[in-house]
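Positions are given from 1, in the same order as the sequence printed here. For clarity, every value in this text was computed on a predicted model and none was experimentally measured. Reckoned from all heavy atoms, side chains included, excluding hydrogens, waters and symmetry mates.
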Amino acid sequence: MQSVTERSGARTAYPPERQVAALCWRKEKGRKEVLLITSRDTGRWIVPKGWPIKGLSDAQAAMREAWEEAGVRAGADKARPAGQFFYDKALDDGNVIPIVAHLYKVRLRKGDLADSFPEAAERKRLWVPAKKAAKLVREPELKAILRSL
């Protein structure tokens, strides 16, 4: 399915807005699993993401989003750049804008995931093998990153 941005040519017409995202993963029984969450509006599977935060590095902002949206307690010092992906963000006023999300990969270990976190009542979490995660997310570049894990 072609996105609104691709159909309109907007992706090449002007620079997209920038967000930061966290690709949280763990090793479980010798294989890599990825943490996905549901979006609040449509309930589709995504990675934690949000706007940059003044005074924080992009990695720090990505990990703040991972805390608020998924309960991830890992520090930004463990996060490493992992690429970028594009998506179309629907705004409250009905408009859609192109976004480039800068992705930071972080390995989670036992104890890095809290049961109680700011958006716990608004989202579901799911650990899945990376290749399955690639099938569940919508964004082509994110799919490719997940398949390469």
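Contact check for Pro118 versus Trp67: side-chain heavy atoms found under the 4.5 Å cut-off. Contact annotation: the side chain of Leu36 approaches that of Val137 to within less than 4.5 Å [non-hydrogen atoms, C-beta and beyond]. In this structure, Val47 and Leu35 have side chains that are not in contact, with every pair of non-hydrogen atoms separated by 4.5 Å or more. Residues Glu141 and Gln84 are not in side-chain contact: their nearest non-hydrogen atoms beyond the backbone lie 4.5 Å or more apart. The shortest side-chain heavy-atom distance between Val106 and Met63 falls under the 4.5 Å cut-off. The shortest side-chain heavy-atom distance between Lys124 and Trp45 falls under the 4.5 Å cut-off.
Rounding to the nearest 0.5 angstrom, the gap separating the NZ atom in Lys131 from the OG atom in Ser148 is 8.0 Å. Taking CD of Glu69 as the start and CD of Glu122 as the end, the distance is 9.5 Å to the nearest 0.5 Å. The CG atom of Asp41 sits 8.0 Å away from the CD1 atom of Ile46 when rounded to the nearest 0.5 Å.
The shortest heavy-atom contact between Ala59 and Ala79 is CB-CB, 4.2 Å. Nearest heavy-atom pair, Thr42 versus Ser39, reported as atom, atom and distance to 0.1 Å: OG1-OG, 2.9 Å. Pairing each heavy atom of Pro16 with each of Phe86, the nearest pair is CG-CE2, 3.8 Å. Smallest separation of non-hydrogen atoms from Cys24 and Leu108: CB-CD1, 3.8 Å. Taking each heavy atom of Ala70 and Leu113 in turn, the nearest pair found is O-CD1, 3.5 Å. Across all their heavy atoms, Ala82 and Ile145 have their closest contact at O-CD1, 3.6 Å.
In this structure, Leu126 is a member of the same hydrophobic cluster as Leu23, with clusters built from ILVMFWY side-chain heavy atoms closer than 4.5 Å. Linking Ile, Leu, Val, Met, Phe, Trp and Tyr residues whenever their side-chain heavy atoms come within less than 4.5 Å places Leu136 and Leu142 in a single cluster. Taken together through direct or relayed side-chain contacts under 4.5 Å among Ile, Leu, Val, Met, Phe, Trp and Tyr, Trp51 and Tyr87 form part of one hydrophobic cluster. Cluster membership check: Leu146 shares its hydrophobic cluster with Phe85, using side-chain heavy-atom separations under 4.5 Å among Ile, Leu, Val, Met, Phe, Trp and Tyr. Clustering ILVMFWY residues whenever any of their side-chain heavy atoms sit less than 4.5 angstrom apart, transitively, puts Val128 in the very cluster that holds Leu149.
Using a cutoff of 4.0 Å between basic side-chain nitrogens and carboxylate oxygens, Arg18 and Asp58 are scored as salt-bridged. Ion pairing of Arg44 with Glu139 is present here, as a side-chain N (NZ or NE/NH1/NH2) and a carboxylate O approach within less than 4.0 Å. In this structure, Glu17 does not pair ionically with Lys89, as no charged nitrogen and carboxylate oxygen lie closer than 4.0 Å. Salt-bridge formation is not detected for the pair Lys49/Glu65: no Lys NZ or Arg NE/NH1/NH2 atom is positioned less than 4.0 Å from an Asp or Glu carboxylate oxygen. Residues Glu33 and Arg31 are paired through a salt bridge, judged by an N-O separation under 4.0 Å between the basic side chain and the carboxylate.
In this structure, Arg80 contributes its side chain and Lys105 its backbone to no donor-acceptor pair below 3.5 Å.
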Throw together a table of side-chain donor-acceptor distances under 3.5 angstrom for residues 93-104, partners on residues two or more places apart or in other chains.
{"from": "Asp93", "atom 1": "OD1", "to": "Asn95", "atom 2": "N", "distance (Å)": "2.9"}
{"from": "Asp93", "atom 1": "OD1", "to": "Asn95", "atom 2": "ND2", "distance (Å)": "3.3"}
{"from": "Asp93", "atom 1": "OD2", "to": "Asn95", "atom 2": "ND2", "distance (Å)": "3.1"}

- prompt: When you look at Arg107 and Lys27, which way does the side-chain contact (heavy atoms from CB on, under 4.5 Å) test go after all the steps?
  reply: CA-CA 8 Å; Arg107 182 176 183 175; Lys27 271 220 170 154; 3.4 Å; yes

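Stacking of Arg26 on the aromatic ring of Trp127 is recorded, both the 6.0 Å distance cut-off and the 45° axial limit being met.
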